[in-house]
S.K.: 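Submitted below is the structure of interest, expressed as structure tokens.
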Amino acid sequence: MNGVHHTPPLAVRLAWLTTAACAAIAIAALPATMVPAIWRCAFLLPGVVLGLLPGLARSPWWRTLLAIVLQVSTCALALQLEGPVTQPAALACTILPPLGFATARGNDADRSLALFLSFCMLLVGAILAGQQLPWIAAWAIAACCALRAQSHLTVRSAGAVATARARVPLRDGALAALGSMLLGGLCAALAVDRTLGWLPSPASFATSRAKPDVTAARRSPGLDDSFVLDGGGALAGLGGELLARVRDLDGANVPPDLYLRSGFFARPGMDKWQHGSVELLPQLAGGDVELREPQPGLPTTRFLIERFAGGRNFVFVTPHTLSVHGLDGLAIDPNRLWLRPTEATSPEPYELRCQPLPVLGRSAPVAYDARELGLLTLPRALERERWERLLAEWNVPEDPFAAMEAIAAGLARHCRYDRLTEPSGPFAYEVENFLFADGEHRGYCMHFASAAALLLRLRGVPCRLGVGLHGGQPSDQEIGVRVYGSQHAHAWVEVPFDGLGYVVFDPTPPSERGNPMPARDDSEPEATPTERSTMQAWLDDLREQLSRPYVPAIVLVLALALALRPLRRGRADAPAQALASPIRRARRLLAQLLKQLAAAGHPRHRGQTLEAFARTLRSAEVLEPAIAAAFTAYQDVRFGGHEFDAARQRALQHGLAAATDLAALKKSPPPAASR
Amino acid sequence: MPTEPQTTTLELTTRGRVVAWLAALAAGAAWLGDDPNARLAAALLAAPLLVDLVLRQRRLHATEVRVQARRCVAGAPFTETLTLVHHGRRPLHEVLLREPRTMRLEAPALLPSLPPGEPVRVEVRQRSHQRSHQLERAFELVSQWPLGLLRTRAAVRIAADLVTEPARVPLRAELVRAIAAHEQAPQDRSQLPGPEFHSLREHLPEEDARLVHALRSAALGTLVRRVTQGRVPQLVGIVLDLRRPPRRPLNQGLRRFEWSLGACASLLHTLRQHGAAARVLVLAEEHADLLVRGPAQELELLTLLAEAGPTPHRPVPAAQFDALRHLEHCYWIPAGSYLAAPEFAAMPGEVTLVGGDFE
């Protein structure tokens, strides 16, 4: 007996466990804010159910229908309970059903598929929430163990254990080998990552050629990472997903020029503004947040704000908010009028009470004590002389209101609003290119706000940058309600006034305010006026072509097809050559003849030669001459090397006819002769 | 048995190929786009390949395989005992051992561990399908340890003797009885001590009562009589004609050829079971004349049959048949499909054709 040929259940269980661990780690690495647990369960559950219970539907069509019904039901339930998710999160969740199915079913091929899908899931989590090293390391360790277990299972299935012992005990050094595999895997991953990062990339080459003065990475003015609203997760590129819905609780229409501030930036930089120092205090338990006293005689507006997806990371307030109701666990900076949610803050809708400001007169006092808040500091890299010259050119006085007017007018005259173009030029910083480079000064709200804030501070007017949502669009389902998405992200300037809080000064041209920003596109921006070398142009074109979505898909399909093409076997192992077609024809006729003989009650037994079968038929006195001739003709062709010519074909056909007659005779015997 | 060292080759498994392609794509994307996530993907995909490359099984070819000489019948399974000794520095893990020639349909033997210098005894089930006499046996050692992305393979060739005898074929009973005497008394009582007992059957009233077996009748309670058959002659001739008919190619009629060799082996075995000896004349390029009296000669003939192949037609001198002329009975086996051999027609005495109904 050739050893023990069975797959031990422990090995099977281990392989399944490690694969399931990879899947679990990859799913857990998804950002909870973007893909809540309910949505993960909604996408996973149908696949898991179908994987664990294959007998639910035998037919593939019924199985498909059941899968669709389950998936739609769970998604509808999740939508009801949790609300919508962002578009990228929804796209990412499409991996979950096959991952759940493959992991739950756990067949041989499923394990590899589940491991690959968990890898894709991990990458998606890294794209959505950034690279989180603990999760990645945990997945790498689990994947290494899964590969080891699957390899062991494959070998155990392929071969029979041929040694005396049926069990395969752990040998000395097996644990050490596993440890070295894990450690080696982590080190290898790190080494590959670092090596690829060190290699000069065409992308960095193209970027560095565009800015010869800049040796560091590209510097963008304004906000950190270009509209990242202090919570991680880039809003740019998430085109169109819902962040907030605002409703007037008194039934009025929500004004289209409502500014919903989510954060601010007070510490200036030529390339990056930062929060600056904040003094956060915990919210008192059970209480509402009162930000300022209401002005007597002025109406109070109540807004109900619902937040979705990434919007749950912020608390949106209007610049003239009086109080916030319905939230708890907030961190509050009363001096800066900033509310920040914590882990204890629920994602429920909250009520905002605000009072529209009266028209400010020129005598409205600016809160100059805001110096303590750092609202007058200037970046060290600012070249005052150039900026002062611009202020002089625009006749910007020191009076706050006049300064704001002059700056707004100057920006409107001097610059052009362009949502897609970023300023470029010989200066190291984009804000300087925006104001001082030759040619058209194109930029968007971020550039306008940053420039305006620096100019105001140069004139001694304290201000800060406010960021959030502005404009929005009317809701399709309810009248008077406005919805805001990431395309409505906006930046403006806020100037503190005594007793009034922060008043909005929006330097963006009025015609451009409130228009949705298109989704951030990774494609190349419009061609800059600077000349490009042939090499750079070629590299730029190559990058553009490779960034098309279908190109990686085509390449991946080709790669998989090449990888999975069947191996070529050596000549020595090649199977016997196929029968020539004439022999195949002869064999087909013979098969039909034998079938008819079997129908006539004379089957040919397995392994019986034609000669022996002919003897059997002869002894049963049913061997027609035509049938004998057909046998002879076949043997001549098959073994005698003769051609399957017309004569032999006729012989086989005549034999077939004779056998058919025999079969017919068997089915309906002739009637007995009557007297 | 000396071991001829071979090299160990390395190849990607199907899974390894897919992973390698994906890693290459991801690395290319990471380099072109300077994307950190693509770098992460490339790193995670390339890491297990690197681990497998570093920890792979080395020096598989430094494994010595020892095996005894073996005789087997074509198509019949047998259990082979091998002794493996690995002469590398590190132990081998999860090695699959296979002899492609004899384990085509059998699962390879899995060796969980092969420590260096320690002989490991392995029993594998094998089956040699093709009649042959092999002087060299090739064993294949394959391992995918540890992660199954890379496969190391080595072929170990050793000098060994493997004789695959022709497959035995069932012969018709009348073929043997054709040369046996009838149930009556033998012609030459001096040589044959009497008819050979065959079986018992019930005694019929009209038959001669002298053939009733008294003891068995008393035991059974009814009259039974012996049935005898003629005893097989002491020496029977067999002519095995390996020649092809004139102007016929050698690569035809192979099915009859194999059957005929198996029939010769079966016939010889049957005759030896009946206590007869056989004078076998093999008509081939070099004619062979063997007198098979004992097991050693039988093995010699079977080895000759294992090595036999169709030969082109050539006439045989009449003197070649001298040893068979005085024999009462001969068998003629036209292995090469040469049914119209003039030598067959010229054979004296009673000649029984074996395999004539193939035609």
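In the text below, chain A, chain B and the rest are named by the order of the sequence lines, each starting its count at 1.
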S.K.: Tell me which of these, A/Thr632, A/Leu147, A/Leu186, has more heavy-atom pairs under 4.5 Å with chain B than the rest.
M.R.: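 Max contact count across the listed options: A/Leu147.
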S.K.: So how far is it from A/Leu115 CG to B/Arg15 CZ, rounded to the nearest 0.5 Å?
M.R.: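 Rounded to the nearest 0.5 Å, the CG-CZ separation comes to 7.5 Å.
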S.K.: Got a second to check how far B/His93's NE2 is from A/Ser151's OG, nearest 0.5 Å?
M.R.: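 Result: 12.0 Å between the selected atoms.
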S.K.: Based on non-hydrogen pairs under 4.5 Å, which of A/Ser112, A/Ala140, A/Ala191 is most in contact with chain B?
M.R.: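 Answer, by heavy-atom pair count under 4.5 Å with chain B: A/Ser112.
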S.K.: Please flag which part of A/Leu123 lies under 4.5 Å from any non-hydrogen atom of chain B: side chain, backbone, both or neither.
M.R.: side chain
S.K.: With the side chain counted from C-beta on, respond yes when A/Phe119 and B/Leu45 share a heavy-atom pair under 4.5 Å apart, and no when they do not.
M.R.: yes
S.K.: Report the C-alpha separation of B/Leu22 and A/Phe116 in whole Å, then their side-chain angles, then the decisive distance to 0.1 Å, and conclude whether the side chain to side chain contact (heavy atoms under 4.5 Å, CB included) test is met.
M.R.: CA-CA 11 Å; B/Leu22 290 174; A/Phe116 177 70; 3.4 Å; yes
S.K.: Considering only heavy atoms, which portion of A/Leu610 lies under 4.5 Å from any heavy atom of chain B: side chain, backbone, both, or neither?
M.R.: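 For A/Leu610, there is no contact with chain B at all, as no heavy atom is under 4.5 Å.
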S.K.: Between A/Arg148 and B/Glu94, is there a salt bridge with N-O shorter than 4.0 Å?
M.R.: yes
S.K.: What part of B/Leu96 gets closer than 4.5 Å to chain A, counting heavy atoms only: side chain, backbone, both or neither?
M.R.: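 The side chain, not the backbone.
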S.K.: Closest heavy-atom contact between A/Cys144 and B/Leu147?
M.R.: O-CD2, 3.6 Å
S.K.: Could you look at B/Pro77 and say if it's the side chain, the backbone, both or neither that has a heavy atom under 4.5 Å from chain A?
M.R.: neither
S.K.: Can you tell me how far apart CG (B/Leu40) and CG (A/Asp193) are? Round to the nearest 0.5 Å.
M.R.: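 Separation between the atoms: 7.0 Å.
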S.K.: Only counting residues at least two apart or in another chain, list the ones meeting side-chain hydrogen bond (donor to acceptor under 3.5 Å, both in side chains) with A/Thr616.
M.R.: A/Gln608
S.K.: Of the non-hydrogen atoms in B/Asn37 and A/Ile127, which two are nearest, and what is the gap between them?
M.R.: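 Taking every non-hydrogen atom into account, ND2-CG1, 3.4 Å.
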S.K.: Restricting to non-hydrogen atoms, name the atom on B/Pro108 and the atom on A/Ala158 that form the minimum distance, rounded to 0.1 Å.
M.R.: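 What the structure gives for the nearest pair is CD-O, 3.2 Å.
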S.K.: Mind listing the closest non-hydrogen atom pair of A/Gly184 and B/Val51 along with its distance?
M.R.: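 In this case the closest contact between A/Gly184 and B/Val51 is C-CG2, 3.6 Å.
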S.K.: Using non-hydrogen atoms only, which part of B/Pro146 is less than 4.5 Å away from chain A: side chain, backbone, both, or neither?
M.R.: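 Contact with chain A is through both the backbone and side chain of B/Pro146.
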S.K.: Looking at every heavy atom in both A/Ala189 and B/Ala43, which two are closest together, and how far apart are they?
M.R.: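 In terms of heavy atoms, the two residues are closest at O-CB, 3.1 Å.
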S.K.: For the atom pair CD (A/Gln150) and CD (B/Gln144), what is the distance rounded to the nearest 0.5 Å?
M.R.: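 The CD atom of B/Gln144 is 12.0 Å from CD of A/Gln150, to the nearest 0.5 Å.
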S.K.: Would you say A/Val192 and B/Arg39 make side-chain contact, with heavy atoms under 4.5 Å?
M.R.: no
S.K.: Given the options B/Leu55, B/Val19, B/Leu44, which has more heavy-atom pairs under 4.5 Å with chain A than any of the others?
M.R.: B/Leu44
S.K.: Looking only at heavy atoms and a cut-off of under 4.5 Å, which of B/Ala38, B/Gly148, B/Ala47 has the most pairs with chain A?
M.R.: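 So the answer, after comparing B/Ala38, B/Gly148, B/Ala47, is B/Ala47.
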